Amino acid sequence: MAQYILALDQGTTSSRSILFDRDAKIVSTAQEEFRQILPTPGNVEHDPNDIWTSQLNTVKGAIGKVDLAQIAAIGITNQRETTVVWDKRTGEPIHHAIVWQSRVSSYICDRLRSEGLEDTIRQKTGLVLDAYFSATKLMHLLETVDGAREAAEQGHLLFGTIDCYLVWKLTGGKRHVTDFSNASRTMMLNYETLDWDDELLAAYHIPRGMLPEIVDCSGKFAETDPAVIGHAIPIAGMAGDQQAASFGQTCFDQGMVKNTYGTGAFALMNIGDKPVLSTNNLLTTVGWKIGDQVSYALEGSIFIAGAVVQWLRDGLGIIESSCEVEPLAETVSDNGGAYFVPAFVGLGAPYWDPNARGTIIGISRGTTAGHIARAALEAMAFQTRDLIEAMQRDSGVPLQVLQVDGGASVNNALMQFQTDLLGTTVRRPKISETTALGAAFLAGLAVGFWESQDELRKLWNLDREFTPQGDRESIDRMYTKWLEAVKRSQNWEGGAS
Ligand SMILES: Nc1ncnc2c1ncn2[C@@H]1O[C@H](COP(=O)(O)OP(=O)(O)O)[C@@H](O)[C@H]1O
Ligand SMILES: O=P(O)(O)OC[C@H](O)CO
């Protein structure tokens, strides 16, 4: 009997592959960073060949000397919304991938807004009209790449998010599929019918033939081409990284909430099998679909979270590696009145302001690098409180526990500040790679490696629980200051010059 599940986690800044055993323990792991291409301010691209090469290298690295016949299935999870278009005759991308963070298609959002489509989009897709989602990125490629529209209309071009592109590559071009969770981030999926929406496609001028078949998040929907990785292995799990993290955190019950602190931060609340629209600027999204079971989520998306620490390192140069941010922030006992709104690419939920820009406010002569580092870390927690408050207003129920994961969740000071700020228990699992674990769980369930969601619950182990301390009044005063700082960051690009 095969002993392992292989999870492929294609993230914004790096590709990872992780081999899990039946106890959900990590047997081996490999990671490779790849190039971030920044052609113009606010535009972010990846070379699909870099994505594929780095992912394939990590697959080889994680497998090492393991017999491929010992891998029961592969699960894929990925940075979502990032858009690739390729020519199915050659397999060659027609352009770099337009990354989820990119604002390059904002002008198309303005156009759709002026055509009166904003409400229709919200009602049909559960999303807000924003350049974050795939549809306007795809429209931008069709409108700006030479010959793309004609080729698309002649049926030569394929669209895919990164999950879809990886399956295409892994199957040697035999399967063009995406899963429901990734599809729900394109602004083309109708979240009630769970099909591509023809009315929206017509409004966007996107030929339906370019779009992939949509498959369940757990099921044997493809098989690797032996010529690609040396063996035919079922690809049986697939979900966008935030939905996969939610699954890996075993947020199977309505009301459970996780927050992942990676490049961005993404809080998802399981809202069960009935989709509801947020009245507080959150997104309604498919969590996962497995057979007849559809689980929806309310999501708050923060565009810049851990990336602010990368900026302290690469942009400002006040730290040399990410982990140095914690001791630097601890050189001071508080933020000294400094607030840092990292709206480098505008603000996501709940503000949705593409024209906001990064703002550090409250600086005095006494402000040090320590205060800036502290304010940068606090920004992740403040932004999370913005989301949790919106979720609580939507659900009418106070949050009891926040389950956390992602690269920045290793930061104990940040997690303590988070729990103090929310007044809510914060729980961090032993396996911080919950995204990859979620993809592994989805694949493992499909092939009988694991039997049920109940069995998976037992594999979740607590690393550390943080409980609220400190004085609520002073912490709420800080939050009020944060909200004021956010206001100052808003509408900068579109504002007076
Ligand atoms: N000790 C730390 N404190 C705060 N942030 C950190 C720390 N270590 C790593 N990070 C941040 O975590 C992020 C990486 O997390 P990860 O989950 O790997 O992201 P992604 O999947 O988006 O590539 C980076 O943005 C990095 O700056
Ligand atoms: O690659 P990550 O972990 O930053 O996740 C990116 C999100 O999927 C974007 O929606």
Side-chain angles (χ1 to χ4, degrees), residues 8-16 18 29 31-34 36 44 46 51 54 77-83 97-102 127 130-134 137 161-163 181-182 184-187 239-246 248 258-268 283 285 297 299-316 319-330 342 344-345 348-349 373-374 376-381 404-418 428 431-439:
L8 275 53
D9 178 3
Q10 206 302 302
T12 309
T13 54
S14 72
S15 300
R16 260 174 272 196
I18 303 183
T29 176
Q31 179 169 3
E32 192 170 306
E33 289 202 13
F34 60 90
Q36 304 294 308
V44 187
H46 292 157
I51 287 185
S54 60
T77 182
N78 55 288
Q79 52 165 320
R80 307 165 304 166
E81 299 96 13
T82 298
T83 296
I98 309 291
V99 176
W100 60 275
Q101 292 166 317
S102 177
L127 306 176
D130 192 85
Y132 174 28
F133 305 105
S134 314
K137 298 181 196 293
T161 39
I162 298 299
D163 53 310
S181 72
N182 273 295
S184 73
R185 314 296 299 182
T186 59
M187 223 167 75
D241 56 8
Q242 303 311 321
Q243 289 93 333
S246 205
K258 73 88 202 176
N259 193 30
T260 303
Y261 302 76
T263 306
F266 302 86
L268 267 74
L283 309 172
T285 201
E299 173 174 322
S301 322
I302 298 168
F303 295 154
I304 300 289
V308 74
V309 176
Q310 287 168 324
W311 181 77
L312 295 181
R313 186 191 63 190
D314 307 332
L316 214 52
I319 51 173
E320 277 182 19
S321 68
S322 304
C323 59
E324 286 176 19
V325 70
E326 201 165 349
L328 178 58
E330 278 170 7
F344 300 159
V345 289
R374 198 167 180 114
L377 288 178
E378 287 178 355
M380 291 193 233
V404 298
D405 54 67
S409 73
V410 301
N411 188 316
N412 290 324
L414 169 62
M415 291 302 106
Q416 186 57 50
F417 183 66
Q418 185 70 84
R428 185 173 65 197
I431 295 195
S432 62
E433 298 284 358
T434 48
T435 302
L437 184 60

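Quick caveat, the model's predicted, so the values are computed rather than measured. Both ligands and their constituent atoms are indexed starting at 1 by order of listing.
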Can you tell me if Gly306 has a non-hydrogen atom under 4.0 Å from ligand 1?
yes

Just to check, does Arg16 reach to within less than 4.0 Å of ligand 1 when the distance is taken from its heavy atoms?
yes

To the nearest 0.5 Å, what is the distance between [atom1] on [X] and [atom2] on [Y]?
| X | Y | atom1 | atom2 | answer |
| --- | --- | --- | --- | --- |
| Ile302 | Phe266 | CD1 | CZ | 8.5 Å |
| Ser14 | Asp9 | OG | CG | 7.5 Å |
| Asp163 | Leu8 | CG | CG | 11.5 Å |
| Phe417 | Met380 | CZ | CE | 11.5 Å |
| Ser181 | Leu268 | OG | CG | 10.0 Å |
| Ile319 | Leu312 | CD1 | CG | 5.0 Å |

Check: [X]/[Y] side-chain N/O donor and acceptor closer than 3.5 Å:
| X | Y | value |
| --- | --- | --- |
| Tyr261 | Gln418 | yes |
| Ser321 | Arg313 | no |
| Gln79 | Gln10 | yes |
| Thr186 | Ser134 | no |
| Asp405 | Ser432 | no |

The one among Thr82, Thr285, Asp241 that brings a heavy atom closest to atom 2 (P) of ligand 2:
Asp241

Which of the listed options, Ala413, Ser14, Ala408, holds the heavy atom that is closest to atom 6 (C) of ligand 1?
Ala408

Looking at [X], which atoms of ligand 2 are within less than 4.0 Å of one of its heavy atoms?
| X | result |
| --- | --- |
| Gln242 | 3 (O), 5 (O) |
| Thr263 | 4 (O) |
| Gln79 | 1 (O), 8 (O) |
| Tyr132 | 9 (C), 10 (O) |

Enumerated ligand 1 atoms positioned under 4.0 Å from heavy atoms of [X]:
| X | result |
| --- | --- |
| Ala307 | 25 (O) |
| Val309 | 4 (C), 5 (N), 27 (O) |
| Thr13 | 23 (O) |
| Thr263 | 19 (O), 20 (P), 22 (O), 23 (O) |
| Val325 | 3 (N), 4 (C) |

Protein residue, atom and distance nearest to [atom], heavy-atom basis:
| atom | value |
| --- | --- |
| atom 10 (O) of ligand 2 | Glu81 OE1, 2.6 Å |
| atom 4 (O) of ligand 2 | Thr12 OG1, 3.0 Å |
| atom 9 (C) of ligand 1 | Ser322 CB, 3.6 Å |
| atom 15 (O) of ligand 1 | Gly407 CA, 3.2 Å |

Centre of Phe133's six-membered ring, under 6.0 Å away, within 45 degrees of the axis: is that where NZ or CZ of Arg80 sits?
no

Do Glu299 and Arg185 meet the salt-bridge criterion of a basic N to acidic O distance under 4.0 Å?
yes

With a cutoff of 4.0 Å, is Gly11 in contact with ligand 2, counting heavy atoms of the residue only?
yes

Please indicate whether any nitrogen or oxygen in Arg80 is less than 3.5 Å from any nitrogen or oxygen in ligand 2.
yes

Are any of the N/O atoms on Gly11, whether in the backbone or the side chain, positioned under 3.5 angstrom from an N/O atom of ligand 1?
no

Which is it for Asn411 and ligand 1 at heavy atoms under 4.0 Å: side chain, backbone, both or neither?
side chain

